[in-house]
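The sequence lines fix the lettering, A, B, ..., with proteins before strands; numbering per chain opens at 1. Only heavy atoms go into these numbers, but all of them, side chains included; no hydrogens, no water, no symmetry mates.
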Amino acid sequence: MPKLTDRGPQQFPNWAPEVGPDWPLLMKKLGLFWTDWRQGRLALADWPARWNGLLADLQLHD
Amino acid sequence: MTRRKYVVVLMLLMLAVLLTAPWASAPKPDLAPDAAPEGQEATLEAPVFAEQRAELTVKIMQDEATFRLLERQSEVFERSHPDIRVHLERGDAADASSVPDDWQERTGSADVALVPSLWVKRMAVSGILLPADSAFEGDALSEQFEAIAAPLKWNGFMWGVPHHLDPYVVVWNRARLSAAARQDGSALTLPLGTEDWSTLGASMASEGSRPWLAIDERDPAALLTWLGAATGLRPDLLLGDSQGTWGTGSSAAMLNTLRGSVSLRAPDDSAAFWQAMAAGQYAAAVAPLSVAEAGIASLAPASAAGLSIDRSGWDKAYVFDGGASFVIGAGTQRESAAKNWIAAMTEAKLQLDNYDATGFFARLPFRL
């Protein structure tokens, strides 16, 4: 059995994530953003702003 | 006897009849214990036994290897628990990080399901689960890692019992990595610094449209792991807001080398993929740790030595654990049996067995 916590800088990940119930939906959206970006419909520089717009829309519809 | 005495006796008799009438009209027991013939004793006991036996339906939304392993372990459980029968069914977890809209249809009337851990909180909020706190075996509840427990907690309860975790890592072909030289002439080495990513991007861009990253584009957790590695940000916070200008940072050029119509290959556990990776077809691959370690172990030592697993992303505040957890359906009539079975499937010795089992190479137990 490896001692994962003894791997120095390669430590076992043990931090609480910012996981909410809406994560599965957000991850699905992230996949769509990735597709848009890869196919040239979304510039990387525009990604964060568009993402914030998406979050705002989702909150409006809560 | 006088007439008055006749009346008194008659009234006493009527009173006696009235008082004893309820016993006379009471339904007879179906079968008096001592009235059953000897040959019928077994048939009398059988229905009682059937009522006590719990039939559990368990849906495994995981790969075939996980299903087979649980099937074997559940058979052992049934031998020591004759009152519980377990029917395992397999459903594909096509997208480990997104809850499918038809989850309830997929799991049907399952009492228990093994689902990607990231689904659990969403399912709990939907009201389709029972709390699972009491399904933790022994003191397991107090021994949980925060990274694993947090996606399962909601409203003061635990809604899932973790079965395994499988954190994402980036695998590098060191020869292709070191072909990119820093400004001072030194070759790139792991872990990559902030400036190293733009050096890498420039080097890869010079190779034209040749794909150099192997990643499953249908897996958002893999995409977030890669974006987190390239931007230096916590991958979970990339789903939040206010991430500012990460798209214009030093890593943007590197990310942009992935654009275009070139298809990216999803890493898998086939020997062909890992041989191609070792031969330098890809500079990097994003995969769950179990896939990466099994793939590298399948290579000849000389080939394997050319690949490095980069776990530096684990130093960040979050890493996608890629694990799965047991949940209990809110509609179950067999909650107690469900919790017994889950506790048995996640007990400490079995966790170690899972780690050692063929096909579960490097899938980490949730308790260490």
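- Comparing A:T35, A:L30, A:L26, A:D22 by heavy-atom pairs within less than 4.5 Å of chain B, the highest count is held by A:L30.
- In this structure, the side chains of B:L239 and A:W51 come closer than 4.5 Å at one or more pairs of heavy atoms.
- Within the 4.5 angstrom heavy-atom criterion, atoms from both the backbone and the side chain of B:L224 approach chain A.
- With a threshold of 4.5 angstrom between heavy atoms, B:W159 does not approach chain A through any atom at all.
- Although no hydrogens or angles enter the test, the distance criterion places no donor-acceptor pair under 3.5 Å between the side chain of A:W23 and the main chain of B:L118.
- In plain terms, the two heavy atoms of A:P24 and B:R122 that are nearest each other are CG-CB, 3.9 Å.
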If you apply the rule side chain to side chain contact (heavy atoms under 4.5 Å, CB included), what do you find for A:W47 with B:L227, and how did you get there? CA-CA 12 Å; A:W47 186 321; B:L227 289 173; 4.0 Å; yes

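- For the atom pair B:L223 CG and A:R38 CZ, the distance stands at 10.0 Å (nearest 0.5 Å).
- Nearest heavy atoms, B:G247 versus A:P48: N-CG, 4.1 Å.
- A 4.5 Å side-chain heavy-atom check between B:T248 and A:L44 finds every atom pair outside the cut-off.
- Side-chain contact between B:N256 and A:W37 is present, with at least one heavy-atom pair separated by less than 4.5 Å.
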Do B:L258 and A:W34 pass the side chain to side chain contact (heavy atoms under 4.5 Å, CB included) test, and can you show the C-alpha distance, the side-chain angles, and the key distance before you say yes or no? CA-CA 11 Å; B:L258 299 173; A:W34 175 278; 4.2 Å; yes

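- Contact annotation for A:L32: neither backbone nor side-chain heavy atoms come within less than 4.5 Å of a heavy atom of chain B.
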